[in-house]
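Worksheet: the structure to be examined is printed underneath.
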Amino acid sequence: MQTIPRARFPKILQIFRWAIDPVGYMQKNFSRCGDVFQSPVSWNSPEQYHLLSRPEDIQYMLTHDTGRELSAPGELNNIFESLIGRQNVILLSGKQHKKRRQLIMPPFHREHLEKYNQAIQEITYRDIAGWWVGDSLDVRTAMQRITLQVILKVVFGFHQGKRYQKLKQLLSLRLNMSSTPLTSLIIFFPWLQKDIGDWSIGGRIRQLAEETDELLFAEIEERRASAHAGRMDILSLLIAAKDEEGNHLSNQDLRDELLTLIVAGHETTATALTWAMYWIHALPEVKQKLLSELEAFSESVDAGKLLKLPYLTAVCNETLRIHPVAMLTFPRRVEVPLELSGYQFSPGDLLVGCIYLLHQREDLYAQPQQFRPERFLERQFSPYEFMPFGGGVRRCIGTALAQCEMKIVLGTILSNMQLSLTSACPVEPARRGVTLGQNAPVRVKTIEKYIPAHR
Ligand code: HEM
């Protein structure tokens, strides 16, 4: 049996490269080691992770991760703890994890989300109403405004008011603390987050967490006091939920879960939308094809119909293929001896699906560095060949929401605004926290807008 190749260089240098230049790190190791290689992922974790990028291996991992052969322990995701706490779906394991997913999944089902289509479009209209002709704007900032309002609507049932404004400000400050490759080092070397006074990074994280908690706990208390049946927002469902012994979730549990959904639910989609806006405006032929598809609409663009447009869907898929916002799945732990790609794995070994390398495979995607939405119209990819939302027991809860949101936001903007890219091309992928963001701001200038007068 062969030895599993491992990345060269001492652990500290590898984590540093993975934090600062994740794409270079993955590509280098793939060309040196092939489909499977060992790598450290965080300074705090003593174990090596095994990164998989062959669809067959990933399929095996994600179809056997319910506990007997492989498990998906939440404690392995503890690099997120300082941001979202411990009592949430990402950090829970086993039965508790399964129960929490069952509780929060219903509002994220595609049929249920239909009632948000209109709200997503209204939020987009309201935002672009403030983009003036001649103005140049930062696309990420605009996309973050939109996606935050959408997730607050789904989670709380509201997206306006003083509390929302304050929450928005605090979350942006917190997420921006690890928005560049260099500042992302605080995630991978957690001792950099040690609280040694108000002036330290740890101190700032604590202050922001305290202020955010105050807002979230106030909202939770008010909702408990005024709970009424029939509300389908997530906070109402979580407040009403009881376990087998009849216990309700504590305020701390609720706070951790709300924060998880808000953070996971807006930062990722904002990054994906920023990439989509970049590619559409960097490639005139892609923009032209999209506009031709959208022109089929007359005066008003119906949000529901946008979801069915084939080219728009292909553009969103190609965006998530070429720059998967999440480069890796969460780790899975081997529970019984097994063999993948000719390598032997033992109980305790940790496996991770490398979504980035999977999406860059030349045997699946010809000229993978090229943005070509047509590839999604020419053939169907299996869930283990195209996998931006992971799979198995931890498959992304927000898959349907992110997919609908991307199409409605892009379709509404393109049908109502003529924009041109003003950033220097090309914009390259770069780390933003745990996600794959942009190495430079994506900026567009408003050339013309045709928003119907009644809006
Ligand atoms: C383009 C946008 C998004 C991308 C690319 C994305 C990607 C992912 C990926 C790759 C995973 C890990 C799956 C695995 O390990 O197999 C995940 C998990 C998760 N995502 Fe997303 N996501 C997106 C949007 C959202 C949204 C809108 C929400 C809203 C609530 C969300 C909530 C979550 C949660 C809660 C988990 C953890 C699930 C669990 O541990 O059981 N995500 N996401």
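Residue numbers start at 1 and run along the sequence shown. Indexing begins at 1, ligand by ligand and atom by atom, following the structure's order.
Residue V89 approaches ligand 1 through these ligand atoms, each under 4.0 Å from one of its heavy atoms: 35 (C), 40 (O), 41 (O). For ligand 1, the atoms sitting less than 4.0 Å from at least one non-hydrogen atom of H97 are 39 (C), 40 (O), 41 (O), numbered in the order shown with element in parentheses. Close approach to T269 involves these atoms of ligand 1, each under 4.0 Å from a residue heavy atom: 2 (C), 27 (C). Close contacts of ligand 1 with A326, meaning ligand atoms under 4.0 Å from a residue heavy atom, involve 10 (C). Remark: ligand 1 atoms within the under-4.0 Å shell around heavy atoms of G391 are 16 (O). Shown in contact with R101 at under 4.0 Å from a heavy atom are these atoms of ligand 1, numbered in order with element: 38 (C), 39 (C), 41 (O).
Pairs of residues two or more places apart, or lying in two chains, that qualify as ring pair (Phe, Tyr, Trp, His ring centres under 6.0 Å) and include a residue from residues 379-405 are H359-F386, Y365-F381, F376-F381, F376-F386.
Defined by atom type and a distance below 3.5 Å, a donor-acceptor pair is present between the side-chain atoms of R110 and Q403.
Looking at E378 and R372, a side-chain N of the basic residue comes within less than 4.0 Å of a carboxylate O on the acidic one, giving a salt bridge. Salt bridge E335/R333: present, at least one basic N to carboxylate O contact under 4.0 Å. Note on R140 versus D138: no salt bridge recorded, every NZ/NE/NH1/NH2 to OD/OE distance being 4.0 Å or above. One finds no salt bridge joining D302 and K305 here, because no Lys/Arg side-chain nitrogen approaches an Asp/Glu carboxylate oxygen to under 4.0 Å.
Looking only at protein heavy atoms, the nearest one to atom 14 (C) of ligand 1 is R394 O, 3.4 Å. Of the protein's non-hydrogen atoms, P388 O, 3.5 Å is the one closest to atom 7 (C) of ligand 1. Nearest protein heavy-atom neighbour of atom 32 (C) of ligand 1: A264 CB, 3.7 Å. Among protein heavy atoms, atom 29 (C) of ligand 1 sits closest to G265 CA, 3.5 Å. C396 CA, 3.6 Å is the protein heavy atom nearest to atom 18 (C) of ligand 1. What sits closest to atom 37 (C) of ligand 1 on the protein, heavy atoms only, is I90 CG1, 3.6 Å. At the shortest separation from atom 3 (C) of ligand 1 among protein heavy atoms lies F389 CE2, 3.5 Å.
In this structure, the ring of H64 has its center less than 6.0 angstrom from the ring center of Y60.
Residue G392 places no heavy atom under 4.0 Å from ligand 1. Using 4.0 Å as the threshold, R332 has a heavy atom nearer than that to some atom of ligand 1. Look at I355 and you'll find a heavy atom under 4.0 Å from some atom of ligand 1. Heavy atoms of H266 stay at 4.0 angstrom or farther from ligand 1.
In summary, of the residues considered (R86, R101, R100), a salt bridge (Lys or Arg N to Asp or Glu O under 4.0 Å) with E257 occurs for R100 alone. Of the candidates R224, K162, R163, R163 is the only one forming a salt bridge (Lys or Arg N to Asp or Glu O under 4.0 Å) with E219. Each of L92, I90, L91 was checked for a side-chain contact (heavy atoms from CB on, under 4.5 Å) with H97, and the lone residue meeting it is L92.
The shortest N/O to N/O separation between A402 and ligand 1 does not fall below 3.5 Å.
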TODO: Take R361 and E385 through the test salt bridge (Lys or Arg N to Asp or Glu O under 4.0 Å) and record every step on the way to the result.
DONE: CA-CA 9 Å; R361 290 184 75 93; E385 294 173 338; over 6 Å; no
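For the residues F108, F330, F80, the heavy atom positioned nearest atom 30 (C) of ligand 1 is part of F108. Comparing heavy-atom distances from atom 24 (C) of ligand 1 across I104, T268, L92 singles out T268 as nearest.
Using a 30° and 60° split on the angle between ring planes, H50 and F345 fall in the perpendicular class, above 60°.
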